Amino acid sequence: EAQVTQNPRYLITVTGKKLTVTCSQNMNHEYMSWYRQDPGLGLRQIYYSMNVEVTDKGDVPEGYKVSRKEKRNFPLILESPSPNQTSLYFCASSLSRANTGELFFGEGSRLTVL
Amino acid sequence: AQSVTQLDSQVPVFEEAPVELRCNYSSSVSVYLFWYVQYPNQGLQLLLKYLSGSTLVKGINGFEAEFNKSQTSFHLRKPSVHISDTAEYFCAVRLLQGAQKLVFGQGTRLTINP
């Protein structure tokens, strides 16, 4: 089954404790992206990747890092989480830059930073 | 830069009634337009998209949307809603050229009352 898989789905952590949210897709997609969803703000892009070893900042990259060492994986790293990073995070992928834009989303990772 | 405004944060309707969810966008160049749906505790999935051609596009679950270039709108409609349509709906735009980023509206929560 074609899917985008995120882990963990739920996480409560404390300020400053490094964490990684993993994202993996099995569709051989070139493009992958991370969004955060906050009430009243919709989805805002954090980082994206056009292909392996190619990443770039989205609209709200502060406090986050990403890497793309393999095509299928695109982990989101919070080096020193803070309470303002409490949010619902979505990983998404699509076929290629030439694609008309349909994104396939994971089920989300709800993060709480105390 | 492009932007999207969803004019209603919440829309309550009775079952079997018609519904319209409003979306306006701002862009100086041509765009692709999308509606995504997010059911409770799930990721987003594509409902429908406008790329070119006929301004009336049909999507899954009986939804349709009409692209109005002069009013820069892409309103979503359904003639008769069902309880299972309860979800959050997001309008999104993507530029035809350049980065593949989708810009999302703030979301509209559709609540269906029996």
Side-chain angles (χ1 to χ4, degrees), chain A residues 1-7 9-10 21 23-25 27 29-51 54-61 74 87-110, chain B residues 1-10 21-27 29-53 57 59-60 67 74 87-109:
Chain A
E1 180 188 352
Q3 57 186 5
V4 178
T5 303
Q6 298 178 225
N7 280 295
R9 294 286 314 280
Y10 302 91
V21 186
C23 174
S24 180
Q25 50 91 7
M27 296 169 280
H29 283 171
E30 293 178 356
Y31 179 89
M32 296 185 75
S33 180
W34 276 102
Y35 286 86
R36 61 178 287 173
Q37 182 182 8
D38 301 290
L41 297 177
L43 278 80
R44 295 177 293 167
Q45 190 181 54
I46 304 170
Y47 268 94
Y48 66 95
S49 170
M50 301 299 295
N51 214 324
V54 180
T55 63
D56 208 347
K57 296 177 180 178
D59 297 316
V60 289
F74 190 45
S87 188
L88 179 57
Y89 292 87
F90 287 100
C91 180
S93 71
S94 69
L95 188 58
S96 72
R97 183 185 183 118
N99 182 259
T100 51
E102 178 179 358
L103 286 176
F104 293 83
F105 283 83
E107 293 192 313
S109 297
R110 185 169 294 281
Chain B
Q2 70 271 38
S3 66
V4 180
T5 301
Q6 291 183 240
L7 296 157
D8 306 291
S9 60
Q10 296 187 61
L21 306 183
R22 298 179 293 167
C23 172
N24 285 91
Y25 69 94
S26 172
S27 175
V29 297
S30 296
V31 295
Y32 295 134
L33 295 154
F34 305 83
W35 276 98
Y36 280 81
V37 59
Q38 183 182 27
Y39 297 108
N41 298 313
Q42 294 186 27
L44 281 73
Q45 63 184 82
L46 184 68
L47 201 56
L48 50 79
K49 60 186 176 184
Y50 172 79
L51 307 179
S52 64
V57 293
I60 60 172
F67 169 54
F74 190 54
E88 189 150 20
Y89 293 79
F90 292 93
C91 183
V93 301
R94 187 213 144 180
L95 297 179
L96 264 67
Q97 307 292 334
Q100 196 171 344
K101 184 174 77 173
L102 277 184
V103 175
F104 288 86
Q106 303 90 329
T108 297
R109 186 168 298 278

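Below, chain A is the first sequence line, B the second, and so on; all start at residue 1. None of the values given here were measured: they were computed from a predicted structure.
The distance from atom CG of B/Leu102 to atom OH of A/Tyr48, rounded to the nearest 0.5 Å, is 12.5 Å. Note that the CD atom of B/Gln106 and the CZ atom of A/Arg44 stand 11.0 Å from one another [nearest 0.5 Å]. The line from CG of B/Leu44 to CD of A/Glu107 is 12.0 Å long, rounded to the nearest 0.5 Å. Taking CZ from A/Arg9 and CG from B/Asn41, the interatomic distance works out to 7.5 Å, rounded to the nearest 0.5 Å. Residue B/Tyr36 holds its OH atom at 5.5 Å from CZ of A/Phe105, rounded to the nearest 0.5 Å.
With a 4.5 angstrom heavy-atom cutoff, A/Leu41 touches chain B only via backbone atoms. Looking at B/Leu46, only its side chain comes within 4.5 Å of chain A, counting heavy atoms on both sides. Residue A/Gln6 does not touch chain B at all, counting heavy-atom pairs closer than 4.5 Å. At a 4.5 Å heavy-atom cutoff, A/Arg110 makes no contact with chain B through either its backbone or its side chain. B/Gln38 touches chain A through its side chain: at least one heavy atom from C-beta onward sits under 4.5 Å away, while N, CA, C and O do not. Residue contact with chain B, scored on non-hydrogen atoms closer than 4.5 Å, is absent for A/Asp56.
Of all heavy-atom pairs spanning A/Gln37 and B/Phe90, the tightest one is NE2-CZ, 3.2 Å.
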